[in-house]
Undergrad: 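Submitted below is the structure of interest, expressed as structure tokens.
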Number of protein chains: 4
Amino acid sequence: MIDIAVLGCGRIGRMHCQNIHDSQNFRLAAIYDIDPDAASAMSTRFGARVAGSVEEVLGDTSLRAILVATFTSSHAQLIEAGVKAGKAVFCEKPVDLDLGRAIRCKMAIEDYQPLVQIGFNRRFDPGHAAARSQFQTGTIGELYQILITSRDPSPPPRSYVQGCGGLFRDMSIHDFDMARYLLDEEPVEIFSMAQALIDKDLEADLGDFDTAMVLLRTANGRQCCINNSRQALYGYDQRIEILGEKGMIQSGNRKPHETTTYTAHSSENASPYLHFFIERYYESFALQLEAFAETIEDLQPRGATLEDGIKALQLAEAANLSLTERRLVHIDEVVC
Amino acid sequence: MIDIAVLGCGRIGRMHCQNIHDSQNFRLAAIYDIDPDAASAMSTRFGARVAGSVEEVLGDTSLRAILVATFTSSHAQLIEAGVKAGKAVFCEKPVDLDLGRAIRCKMAIEDYQPLVQIGFNRRFDPGHAAARSQFQTGTIGELYQILITSRDPSPPPRSYVQGCGGLFRDMSIHDFDMARYLLDEEPVEIFSMAQALIDKDLEADLGDFDTAMVLLRTANGRQCCINNSRQALYGYDQRIEILGEKGMIQSGNRKPHETTTYTAHSSENASPYLHFFIERYYESFALQLEAFAETIEDLQPRGATLEDGIKALQLAEAANLSLTERRLVHIDEVVC
Amino acid sequence: MIDIAVLGCGRIGRMHCQNIHDSQNFRLAAIYDIDPDAASAMSTRFGARVAGSVEEVLGDTSLRAILVATFTSSHAQLIEAGVKAGKAVFCEKPVDLDLGRAIRCKMAIEDYQPLVQIGFNRRFDPGHAAARSQFQTGTIGELYQILITSRDPSPPPRSYVQGCGGLFRDMSIHDFDMARYLLDEEPVEIFSMAQALIDKDLEADLGDFDTAMVLLRTANGRQCCINNSRQALYGYDQRIEILGEKGMIQSGNRKPHETTTYTAHSSENASPYLHFFIERYYESFALQLEAFAETIEDLQPRGATLEDGIKALQLAEAANLSLTERRLVHIDEVVC
Amino acid sequence: MIDIAVLGCGRIGRMHCQNIHDSQNFRLAAIYDIDPDAASAMSTRFGARVAGSVEEVLGDTSLRAILVATFTSSHAQLIEAGVKAGKAVFCEKPVDLDLGRAIRCKMAIEDYQPLVQIGFNRRFDPGHAAARSQFQTGTIGELYQILITSRDPSPPPRSYVQGCGGLFRDMSIHDFDMARYLLDEEPVEIFSMAQALIDKDLEADLGDFDTAMVLLRTANGRQCCINNSRQALYGYDQRIEILGEKGMIQSGNRKPHETTTYTAHSSENASPYLHFFIERYYESFALQLEAFAETIEDLQPRGATLEDGIKALQLAEAANLSLTERRLVHIDEVVC
């Protein structure tokens, strides 16, 4: 059993607390939140002690690992502090909204044998993982194209959008990671298109967008199209499609149940898709933790690494540059 | 090219005329109908001559085959006359509403090297045929159970029901033939249940039913359930399911197109199923004719034979007996 | 929080312990098993005390409820003892393998204001529940037919079969309960057909069967067909279908994920269905407990009652009688 | 009945002859082909006269319409000659491989009250048409994004590729037309990406590609992604998807039948998709002719007009420019 502390008791942090509590591999030993009441509530619920400060957590040698679910702007610093304190660090995405800060974080911990996993949970979605696995066994042969559709049921409030870093860093970043996870080599070029169609004043008011399409290309010409929308009234739409020499693989959407209705007007009427990301990606959150536990045991990376987090952010930056300058961008242009 | 004459220009006969006209294997040489105007209309449309009488058709040595699409009560006599006149005979189902008459028909032509195909077209449905073919290649191993769902979009008018011979002889007979086509041996026992649920006075007024479930059992214990309904507002519902030792095969329903809609209320909303039997079984009508042409060439039976027609009718009789006497019936009880 | 004790730590009991532990409504206060080690393991895992005996549990006034997951033959007695001790009783199916014993149990507790829920969890399956709910809102109008398909991935070991009471009491009993749950009135007639097709010597050796079809009929002529098989290599096959005047509702099977593969040989290749009943009916086990908690609060029955348990057993008896005597049976024939 | 002549008896021309022959609205009066034997074969089959030359056809005042299915490079000239001879002209795509030539064709016939329909048949596909129709009735509200997937089962021979004008003019042009058919306003910007992945030497040898992704954007920011591949071993993959404010509409792929297989390895195994474009788009070829007949009657355009043909070609040119110059292109850049 690995003793772990959770930093941050917002919605994501609470979910991680529950999964750690349910896990056979971890013991939720301590909880910290800038708001002591939030930490207390979790402490009561799960029987973990409330830590008085981050330093206390980092100084507790009985803790093998920490899970960082605090404000985005604290992620990089907590990764650095955690690694330097000898902890294995699981950190929610993103590493930072600033690529330079993320790269400095990586450099700062290079000499500390860092064990860092970034919370790109979709890699662990059973469907997406099965699709990748099928592809890797050669079922469809050589890779030609990938399509990633990623739509949220509804947009976040403007208060959230304000500090989220923009659509590409906040939402598409999952898909940039997924694209890298599926492609057989790194993307080298990117072209992006984005618009404020759902909230028509979003660009004018906050300089952000809610509807986007992005093309990626690798050195060998594999193509990937990511399409994002902050709104899909029919539910969480998360699909991947891989086209290869010998066929195609798709990972499709999930419904709460498989009940269908047939009337004079339509057939095969099913439930809308699951509406909450925690429901849609239910298993992935637990599976990524299990992978983290295994990695702590054998030091073999399984989930997204810090480098993966940086590369996803780099793609988000490149997407922003492409959008701003309305041109094809080479990924190298955004390396610091 | 096989010269063929069509007897009977009702809805089914007209469909057969069109298919024969489109066929590369047949030449629609003559048309007969008790109503000369009906025959003329077809003649004009397809360029075939109007025959003045059945005898004329039978006496025309240039005609190799006849297709019988006349009133049910004339089928047996026309099969006999056609065979005796040396014609290959394609006859619409049923052979007759009376099992005894059907058996006498078979006996009457035994010595004439009869070439008779009965119009149980569903055997030629690409889906049902593919299901049977899959099963025969051993994909799912030994047979355990068969389920046949067979529902019409809406009930026929009472004027039709009046003379149709009852639900089992008129509607379920297709499914009795399909059951025999799929089972690996003959059914030996039958139990039926029928009700007038759609037209509540149907039993009282016409002694008929519109909703039924029938169980069949073979000597080796394979089981088959047929469920029929004269009404399915969502379209023609025609499904078969075969359960075997190693898996299952299903032949499903068909829609006019694969367009689906997704809203806040439901996902995967598709078109209702095809509503007309000619649409639903489109290919089967042409394919059964092509099979008839091949059989004429090589004398190998392909479609349902007269014996199959008789056996289906026997099952319908047995179903009626089971229903009337409210008991399990052995098929042998209804052999004349 | 309702304090509850679990009696019986076999596979089902352990699952209930976990669900109770996860529940916000119950506190797993005590655990009992005839094997102290089994009870200890659960106690360690969930922090509940090990009870030394059933009497101890029944005598503990702090316990509001008990969950019975012991050997089938102890169910009736534990229901009686629990109710008489003032406990709310959740009891796994079946009440007993003997209809008479089940009825005596009901009579024995009549005067004790019994609060008893029987573990027919499938009523709480989101898909099946949604199907019933859709039907009850009138979406498809008047009921005509119900089809229930219920197949296990593979047969239980003979050691299990030996004492299970036979296919109808052990497996089909879930479907008899589901049929009653969906039908708008009680079945009055039953006809059953069963065979040993998977394990060909099952009938000779143990007098049991593994493949069955059962027809039910209500007073108003609604029809229901249940088909059971102890083997479906493609996974747990649990479907219901409701045909009504205005359409059809289906509750379909579930896959672990929605990944599909397309090659030159086939399209839409998906994962086999979930293979374990705990996976397939995952939510239902928790939902039935939540219903039990609500019922304890307001005394309104939600799940299957003891009466439902008796009626399902009665249908199983009637099915056995029909099978043995090879005839249509009226349900009243099997009331003691 | 409209008397029509077909010019060109290649594969497409023969298909048109058959559809015209089957049509109730047209009489196939004359057939011309540069190869007299090809014309004769059609003449024999359908009973139409063989025309000795194009001039003969154009000079025949009894002919109301012509269908042009000759070599691409003759299309523009035959449209001009046909219109000037007072014929209604149905012309296969493309108008020409050269945008300038296509525009000059339009200008040349402007004063002749031209009645010209271009053979972009997919507009008449029942599924695609239903999708557009659903969208136009407001089911999903305001348009956000369109995705068009268009993959052939296998690449054409190099001999075909040599003179086809390149992937965008030959294959994607259908999708450019479909995009315009679905979008609520004209695209204004385009970015394309193309690669020779299937035939790796295609670019070096013939300067062409076989795998592409293209993004389109309208003035109001609606986005469209077209993905093309010359190879999809699982069959003809032709899908459209429309995302709107209130939901999504999809038009999916078609299989020859709905038979599925379930084994220990996979469930819902279906047939590969239809492999031939004539099968996949079966109804559309007849429906576009019926539309042409109606347009001849009432002069209201229904199918793709010459202007639509020009605009699709313009998009192909713009896609080529974007690819060559590796940049975002404004559609206006390619107007002559």
Side-chain angles (χ1 to χ4, degrees), chain B residues 18-19 21-22 24 45-47 124-135 137-141 237-274 279-284 287, chain D residues 18-19 21-22 24 45-47 124-135 137-141 237-274 279-284 287:
Chain B
Q18 177 74 57
N19 288 335
H21 173 74
D22 293 339
Q24 309 283 57
R45 179 119 180 242
F46 297 116
F124 292 89
D125 174 67
H128 293 359
R132 181 178 189 264
S133 180
Q134 275 268 5
F135 170 66
T137 59
T139 304
I140 62 168
D237 191 344
Q238 302 279 310
R239 289 173 276 149
I240 67 181
E241 177 176 316
I242 309 172
L243 173 71
E245 171 200 5
K246 301 197 284 186
M248 172 173 71
I249 298 166
Q250 292 184 335
S251 173
N253 283 315
R254 309 176 87 175
K255 299 185 291 284
H257 52 69
E258 299 297 324
T259 299
T260 47
T261 308
Y262 302 70
T263 66
H265 309 292
S266 65
S267 72
E268 300 171 13
N269 234 286
S271 166
Y273 293 132
L274 293 169
E279 275 185 322
R280 167 59 186 85
Y281 283 109
Y282 179 71
E283 307 94 325
S284 73
L287 288 168
Chain D
Q18 178 74 57
N19 288 335
H21 173 74
D22 292 339
Q24 308 283 56
R45 179 119 180 240
F46 297 116
F124 293 89
D125 175 67
H128 293 359
R132 182 178 189 265
S133 181
Q134 275 268 5
F135 171 66
T137 59
T139 304
I140 61 168
D237 191 345
Q238 301 279 310
R239 290 173 275 149
I240 67 182
E241 176 175 315
I242 310 172
L243 173 71
E245 171 200 4
K246 300 197 285 185
M248 172 173 71
I249 299 166
Q250 292 184 335
S251 173
N253 282 316
R254 309 177 88 176
K255 299 184 291 285
H257 53 68
E258 299 297 324
T259 299
T260 47
T261 308
Y262 302 70
T263 66
H265 309 293
S266 65
S267 72
E268 299 170 12
N269 233 287
S271 167
Y273 293 132
L274 293 169
E279 275 184 320
R280 168 58 187 85
Y281 284 110
Y282 180 71
E283 306 94 325
S284 73
L287 288 168

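Here is how names work: the chains are called A, B, and so on, in the same order as the sequence lines, proteins then strands, and each is numbered from 1. Excluded from the calculations below are hydrogen atoms, water molecules and symmetry mates; all remaining heavy atoms, backbone and side chain alike, are included.
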Undergrad: Using heavy-atom distances under 4.5 Å, tell me whether R132(D) contacts chain B through its side chain, its backbone, both, or neither.
TA: neither
Undergrad: For the candidates R45(B), Q18(B), H128(B), which exhibits the highest count of non-hydrogen atom pairs separated by less than 4.5 Å from chain D?
TA: R45(B)
Undergrad: Quick one: does S251(B)'s side chain have a donor or acceptor within less than 3.5 Å of a partner on T259(D)'s backbone?
TA: no
Undergrad: Name all residues meeting the side chain to side chain contact (heavy atoms under 4.5 Å, CB included) criterion together with Q134(D); count only those two or more places apart in sequence or in a different chain, and write none if there are none.
TA: T261(B), T139(D), I249(D)
Undergrad: For P256(D), which atoms come within 4.5 Å of any heavy atom of chain B: side chain, backbone, both, or neither?
TA: backbone
Undergrad: Does the plane of the ring in H21(D) sit parallel, tilted or perpendicular to the ring in H21(B)? Use 30° and 60° as the thresholds.
TA: parallel
Undergrad: Would you say that R254(D) contacts K255(B) through its side chain, given a criterion of any heavy-atom pair below 4.5 Å between the two side chains?
TA: no
Undergrad: Quick check on D125(B) against chain D: is it the side chain, the backbone, both or neither that has a heavy atom closer than 4.5 Å?
TA: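 When you check distances to chain D, no heavy atom of D125(B) falls under 4.5 Å.
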Undergrad: Is it the case that over 12 heavy atoms from other parts of the model lie below 6.0 angstrom from the CZ atom of F46(B)?
TA: yes
Undergrad: What part of A130(D) gets closer than 4.5 Å to chain B, counting heavy atoms only: side chain, backbone, both or neither?
TA: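 For A130(D), backbone and side chain are both near chain B.
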Undergrad: Under 4.5 Å, heavy atom to heavy atom, which residues of residues 265-273 of chain D contact chain B?
TA: none
Undergrad: Using ring-ring contact (aromatic ring centres under 6.0 Å, His included) as the criterion, list what pairs up with H257(D), not counting sequence neighbours.
TA: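 In terms of ring-ring contact (aromatic ring centres under 6.0 Å, His included), with neighbours along the sequence ignored, H257(D) is linked to no residue.
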Undergrad: Give the interface residues of residues 237-248 of chain B toward chain D, defined by a heavy-atom separation under 4.5 Å.
TA: K246(B), G247(B), M248(B)
